[in-house]
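Sharing a structure, written as C-alpha cells. Questions coming.
One-based numbering, in listed order, for ligands and for the atoms of each.
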Amino acid sequence: MGEDMLELWEKAISSIQQKMKSQNFDIWLRPIECQSIADGAVTLRVPNRFFQDYVDANYLDLIRDQLRALTGQDYAIDFIISEGQGGAAEPGDGEGAEGNGARPAAAPSQAVPLPGGTLLGHLNPRYRFDTFVVGPSNQLAHAASMAVCSMTGRKYNPLFIYGGVGLGKTHLVHAIGHEIRAKHPGKNIFYVSSEQFMNEFISSVRTQKQHEFQHKYRHDCDILLMDDIQFIAGKDRTQDEFFHTFNFLYDQHKQIVVTCDKYPQEIDNLEERLRSRFQWGLIADIQAPELETRVAILKKKADEEEITLPDDVAFFLAENIRSNVRELEGSLIRLAAQASIERRAIDIEFARHVMRSVFNLSAPRATIEDVQRSVCAYYNIRMGELKGKSRQHSVTLPRMVAMYLCRQGLGASFPEIGERFGGRDHTTVMNACRKIERVWETDLAVRSAVDTLRRKLAI
Ligand code: ADP
Ligand code: MG
C-alpha cells in the first residue's frame, strides 16, 4: 500500500480517536489494520468475526464520514478477518451481504413491472423468526407478525408495531420478509425505511419520474414493510405520497407492516388521516424484555455466535442492561471480542472487569426494590412476606439479608430502609445489619446468599 494511503488511514484513525471514549477506541478501533485503500474502496483487517459485526454496526459511519471529510470521497468498506473462521470476509451475495454495511440502494424506478418474487431492500439473514426470543414483552407483536405471513385473513392490515429503540422491531419486520419469501416466493416484497422512501420520492420528483415511483410502489408491491415511519412526521409531501400509496395497497388487499418508535397518537406532526389509517388494523407494542427474556436472548445469541456464556455472566449482563436489546447483545459481543483477544474464557470476574466502567456510566443503579425482588426470588418468598410481620425464620432471615444489602450495597439510610420494609423502626434495621455481620464468619449460607445477590445486583 502506498505511503500516502497509509497516511490517510493514520489521519482518519487519529481524528476518530479524538471523538471516542478511549476505552471503546482501544477495544474496537485500535486493533483494526488497514489492508488497502484503492478505487474508492478500503479493506480493513480485523481480528475476528465479532469485530467485524460490531464495527460494522457501530463504527462504520464514523469511519466513512472521516474518510470523506479528509478526501471528499465516499469509500466502500470491506473487511477481512485475520485468523480463524475462513480467513476472509464472506463475499457479499447481494441479499445477505452485511459485511460492508453498504445497504444496496433501492432499485431505480422503472416503468417495466418488476418480475414476481422481487425483494426490494436488504433483509438481514440473522433476523428471522427462529432467532427471535418470545416473551411477555413482545408476544403480541410476534404473534401478529407470524399471522400476517399466512396472508389468509388479512385482518391485521396494516400491522403497526411500535416500541423503543433496540427492542426488535426491525428484527420482526425482516423476519416477516424472510417468511413471506419462503412461503410465497412469487410475491414482491418491499422493505424500506421511511427515510429511503422519502429520498427515493424526492429524487423521483427531481428527475420527473414521479409517475414511475408511484407505479412501482403501487403496482409492483405485494407486501410493503415500512420501517421507522416516525421519520416522515413533518415531511408533508412524503406523508401525502405515503398516504396515497397506503390507500392503493390497502384497497388491493396488499399487506402493509409499519414500525415506529411511538404509538400513532404520540407521533408529533403526523397527519390525522394517516394516524387513523394506522388504527384500522392491529397495533402491537414491544416493551422492554423482562429479566428471563433478556437472559434467553443472550443465550440464544451466544449459541449463534458459538460463545461459551456461563449462567452467572448471562444474569450479570441481563441485570445491568434492561431497556435495549441491542446494547445487551453489544455487551456480549464486547466480552467475547475482548476474551478472544486475551485468549481466555468468559467468567464472572472477567465480565465484571470488562464491563465495570460501562455499567457505571450507563446502568441505573439497583434500587431498594430491586434488592427486595432479588432477595424474594433467591429465598422463594413473596414480597408481602418480606415486608410483612411474620416472625418465622424462613422469612426473618431473608428480611435481614435484604436490609443488610440495602445498607451495605446501596448505602441507603436506616430510616429509609425501615420505611421501605413495611414501615419498621430504624433500630430494627440496625439490629438486622448487626446480626448479619455477627454471623458472617460462621454462617456460610448467609455469606453465599449475600455474595450471590451482590453479584447479581452489581452492588
Ligand atoms: P429496533 O428496530 O426496535 O430498534 P432491532 O430489531 O434492530 O431493534 O433489534 C436490535 C437488536 O436486538 C437486533 O440485533 C435484534 O436481533 C436483537 N433483538 C431484539 N429483540 C430480540 C428478541 N426478542 N430476540 C432476539 N433478538 C432480539
Ligand atoms: Mg429498527
- Which atoms of ligand 1 are found less than 4.0 Å from any heavy atom of G164? 3 (O)
- Item | Shortest protein contact, atom 17 (C) of ligand 1 (heavy atom only) |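 Going by distance alone, atom 17 (C) of ligand 1 is nearest to E329 OE2, 3.2 Å.
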- Looking only at heavy atoms, is any part of N138 under 4.0 Å from ligand 1, and if so is it the side chain, the backbone, or both, or is it neither? side chain
- Among V133, N324, I333, which one has a heavy atom closest to atom 22 (C) of ligand 1? V133
- Query: Angle class for the F278/F246 ring planes (parallel below 30°, perpendicular above 60°, tilted otherwise)?
  - Reply: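 Answer is perpendicular, since the angle exceeds 60°.
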- Could you label the plane-to-plane angle of the F129 and H142 rings as parallel, tilted or perpendicular, counting under 30° as parallel and over 60° as perpendicular?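 If you compare the ring of F129 with that of H142, the planes turn out perpendicular.
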- Closest non-hydrogen protein atom to atom 15 (C) of ligand 1, residue and atom name please, with distance? H171 ND1, 3.4 Å
- Return yes when A296 approaches ligand 1 closer than 4.0 angstrom through a heavy atom, no otherwise.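 Judged by the 4.0 Å heavy-atom criterion, A296 does not count as contacting ligand 1.
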- Give a yes-or-no answer on whether the side chains of Q338 and E342 include a donor-acceptor pair shorter than 3.5 Å. yes
- Item | Test item, G166 contacting ligand 1 (heavy atom, 4.0 angstrom) |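 Yes, G166 has heavy atoms under 4.0 Å from ligand 1.
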- Among I63, V55, L62, which residue meets the side-chain contact (heavy atoms from CB on, under 4.5 Å) test with L29?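 Exactly one option meets the side-chain contact (heavy atoms from CB on, under 4.5 Å) with L29, and it is I63.
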- Message: Return the closest protein heavy atom for atom 18 (N) of ligand 1 as residue, atom name and distance.
- Response: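 Of the protein heavy atoms, V325 CG1, 3.2 Å lies nearest.
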- Task: Indicate whether any N or O donor in one side chain lies under 3.5 Å from an N or O acceptor in the other, for Q18 and S15.
- Result: no
- Is a donor on one side and an acceptor on the other found under 3.5 Å between the side chain of Q214 and the backbone of E241? no
- Query: Does a donor on one side chain sit under 3.5 Å from an acceptor on the other, for T259 and D227?
  - Reply: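 Yes, because at least one side-chain N or O of T259 sits under 3.5 Å from a partner of the opposite role on D227.
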- Query: Has T170 got an N, O or S atom lying less than 2.8 Å from the Mg ion (ligand 2)?
  - Reply: yes
- What are the atoms of ligand 1, with element, lying closer than 4.0 Å to any heavy atom of V165? 4 (O)
- Query: What is the nearest protein non-hydrogen atom to atom 7 (O) of ligand 1, stated with its residue, atom name and distance?
  - Reply: R326 NH2, 2.8 Å
- Task: Distance to 0.1 Å, residue and atom name: give those for the protein heavy atom nearest to atom 25 (C) of ligand 1.
- Result: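 Among all protein heavy atoms, the one nearest atom 25 (C) of ligand 1 is T131 O, 3.3 Å.
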- Query: For atom 9 (O) of ligand 1, which of G168, A175, P289 has the closest heavy atom?
  - Reply: G168
- Message: Does either side chain, that of Y162 or that of E266, offer a donor lying less than 3.5 Å from an acceptor on the other one?
- Response: no
- Message: Which residue and atom name correspond to the protein heavy atom nearest atom 13 (C) of ligand 1, and how close is it?
- Response: Y127 OH, 3.4 Å
- Message: Can you confirm, on distance only, whether ligand 1 has an N/O atom lying under 3.5 Å from any N/O atom belonging to L167?
- Response: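 L167 vs ligand 1: N/O contact under 3.5 Å present.
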- Query: What class does the angle between the rings of H211 and H215 fall in, given that below 30° is parallel, 30 to 60° is tilted and above 60° is perpendicular?
  - Reply: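 Rings of H211 and H215: tilted, 30 to 60°.
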- Return yes if a side-chain donor-acceptor contact under 3.5 Å exists between S448 and D451, otherwise no. no
- Tell me, which protein residue and heavy-atom name are nearest atom 21 (C) of ligand 1, and how many Å apart are they? F132 CE1, 3.8 Å
